[in-house]
Amino acid sequence: MPARLLDGVSLAASTLETVSAEAVDFAASTGRKPCLATVLVGDDPSSHVYVRMKVNRSRKVGIDSRRIDLPESTTTGELLSVLHDLSSDPAVDAILLQHPVPAHIDERAAFEAIDPRKDVDGVTRTSFAQMAFGEPGFSSATPGGIMRLLDADNVQLAGASAVVIGRSPILGKPVGMLLLAADATVTLCHSKTTDLADEVRRADVVIAAVGRPEFIRGDWIKPGAVVIDAGYNEGNIGDVEFSAAAERAGLITPVPGGVGPMTIAVLLDQTVQAAKALADVR
Ligand SMILES: Nc1nc(=O)c2c([nH]1)NC[C@@H]1CN(c3ccc(C(=O)N[C@@H](CCC(=O)O)C(=O)O)cc3)C=[N+]21
């Protein structure tokens with residue numbers, strides 16, 4: 001396997017050490033811990049697993065969580081009301097609405113009900129525009145994690161051809177904006193793309209964000225390319241055909257142990273930053 005591995009576990013661990021120290025400082029100066037509210041609608045088992053991981057990791061680094069689980073039958077209006085209440089609750093610093101919500105709910109309206117100052121998962125229009133314009137603000141968690149992984153290995157993005165496969169509101173679209181802000185030449189591919197293999201063959205940096213196990217074939221990868229697998233599928237299978245891709249890539253993220261741990265690290269880092277900004281603590 002010629003490719004080197006991009007290790008998300010160790011980068012997440014070092015990120016979380018800093019986050020934990022900052023959470024301790026915050027508690028010392030305010031008398032309370034930063035607080036992340038998680039909102040989950042419906043009973044998708046893997047969504048429950050992800051939320052539990054976020055809550056457990058929060059506790060480990062000294063962040064309180066408030067977990068709100070709502071039934072599948074929740075209406076858009078009811079969800080908006082929960083999110084408005086959390087947005088105005090001074091005891092809550094940060095809000096995560098787990099994606100996807102059931103199809104009958106207007107997810108965009110729900111994301112917009114989050115106060116941008118508490119949008120630590122980077123899902124509001126405000127955060128999206130900040131990512132697009134390269135302004136400071138909260139990144140979407142997985143895209144932010146991907147950018148930190150690339151940065152930690154000094155991957156050159158300026159002028160690189162970056163191909164993103166997938167255009168979801170929490171992953172493909174925002175990571176496209178972050179890559180553009182970093183001066184990559186960005187191609188966003190999706191279900192209507194006519195020749196995906198051909199797009200991927202040109203890519204110096206491949207971001208797989210489809211949600212289909214091993215959808216990206218190893219022999220599409222340009223020799224030496226950087227391959228980021230942001231797929232989370234049943235049984236921890238990535239979106240990339242890993243062993244074949246690793247034969248050709250220069251750098252590749254494993255699944256598990258790549259993007260996933262960094263997603264949570266960014267979420268909790270941004271939670272502490274939100275708490276500090278709201279409390280005006282430096
Ligand atoms: N609003 C919103 N924001 C999200 O960030 C979000 C979401 N909705 N919906 C679902 C996806 C999924 N997601 C993961 C986070 C961590 C791992 C993770 O840490 N995975 C471990 C494996 C964990 C295991 O062992 O099962 C790894 O890749 O090493 C995976 C998936 C965040 N998501």
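For ligands, and for the atoms within them, numbers begin at 1 and follow the listed sequence. Numbering of residues begins at 1 and proceeds along the displayed sequence.
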What atoms of ligand 1 come closer than 4.0 angstrom to any heavy atom of Gly257? 27 (C), 28 (O), 29 (O)
Glu107: which residues meet the salt bridge (Lys or Arg N to Asp or Glu O under 4.0 Å) condition with it, sequence neighbours left out? none
As an exercise, identify every atom of ligand 1 less than 4.0 angstrom from a heavy atom of Pro256. 22 (C), 27 (C), 28 (O), 29 (O)
Which of the numbered atoms in ligand 1 are below 4.0 angstrom from a heavy atom of Asn236? 22 (C), 24 (C), 25 (O), 26 (O)
Is it true that Val255 lies under 4.0 Å from ligand 1, counting heavy atoms only? no
Given the rule that I, L, V, M, F, W and Y join up when any side-chain heavy atoms are under 4.5 Å apart, are Leu11 and Leu6 in one cluster? yes
Indicate if Val120 and Val19 have the same hydrophobic cluster label, given that clusters are the connected sets of ILVMFWY residues with side-chain heavy-atom separations under 4.5 angstrom. yes
So, regarding Thr263 and ligand 1 (criterion: nitrogen or oxygen to nitrogen or oxygen, under 3.5 Å), is there a contact or not? no
Side chains of Ile207 and Leu179: does their closest heavy-atom pair fall under 4.5 Å? yes
Relative to ligand 1, is Val49 under 4.0 angstrom through side chain, backbone, both or neither, heavy atoms considered? neither
As an exercise, identify every atom of ligand 1 less than 4.0 angstrom from a heavy atom of Gly260. 16 (C), 17 (C), 18 (C), 19 (O), 20 (N), 28 (O)
Mind checking salt bridge (Lys or Arg N to Asp or Glu O under 4.0 Å) for Asp115 and listing every partner two or more places apart, or none if nothing turns up? Arg117
Can you establish whether the number of heavy atoms outside Arg148 located under 6.0 Å from its atom CZ is more than 12? yes
Spacing of Asp25 atom CG and Ser20 atom OG [to the nearest 0.5 Å]: 10.0 Å
Looking at side-chain heavy atoms only, is the closest gap between Val206 and Lys222 below 4.5 Å? no
When only distance counts, is His99 in polar contact with ligand 1, meaning an N/O pair under 3.5 Å? yes
Under 3.5 Å: N/O of Ile264 near N/O of ligand 1: no
Using heavy atoms and a 4.0 Å limit, tell me yes or no: is Val123 in contact with ligand 1? no
Are any of the N or O atoms of Gln98 closer than 3.5 Å to those of ligand 1? yes
Quick check on Arg67: does its CZ atom have over 12 non-hydrogen neighbours (other residues, nucleotides or ligands) under 6.0 Å away? yes
Judged by heavy atoms only, the candidate from Glu107, Met53, Lys54 nearest atom 32 (C) of ligand 1 is Lys54
Closest non-hydrogen protein atom to atom 3 (N) of ligand 1, residue and atom name please, with distance? Asp121 OD2, 2.9 Å
Within the supplied structure, the quantity of interest is the number of heavy atoms (other residues, nucleotides, ligands) at a distance under 6.0 Å from Lys173 NZ; does it exceed 12? no
Could you find the nearest protein heavy atom to atom 31 (C) of ligand 1 and give me its residue, atom name and distance? Tyr50 CE2, 3.2 Å
Under 4.0 Å between heavy atoms, the region of Leu97 that gets near ligand 1 turns out to be backbone
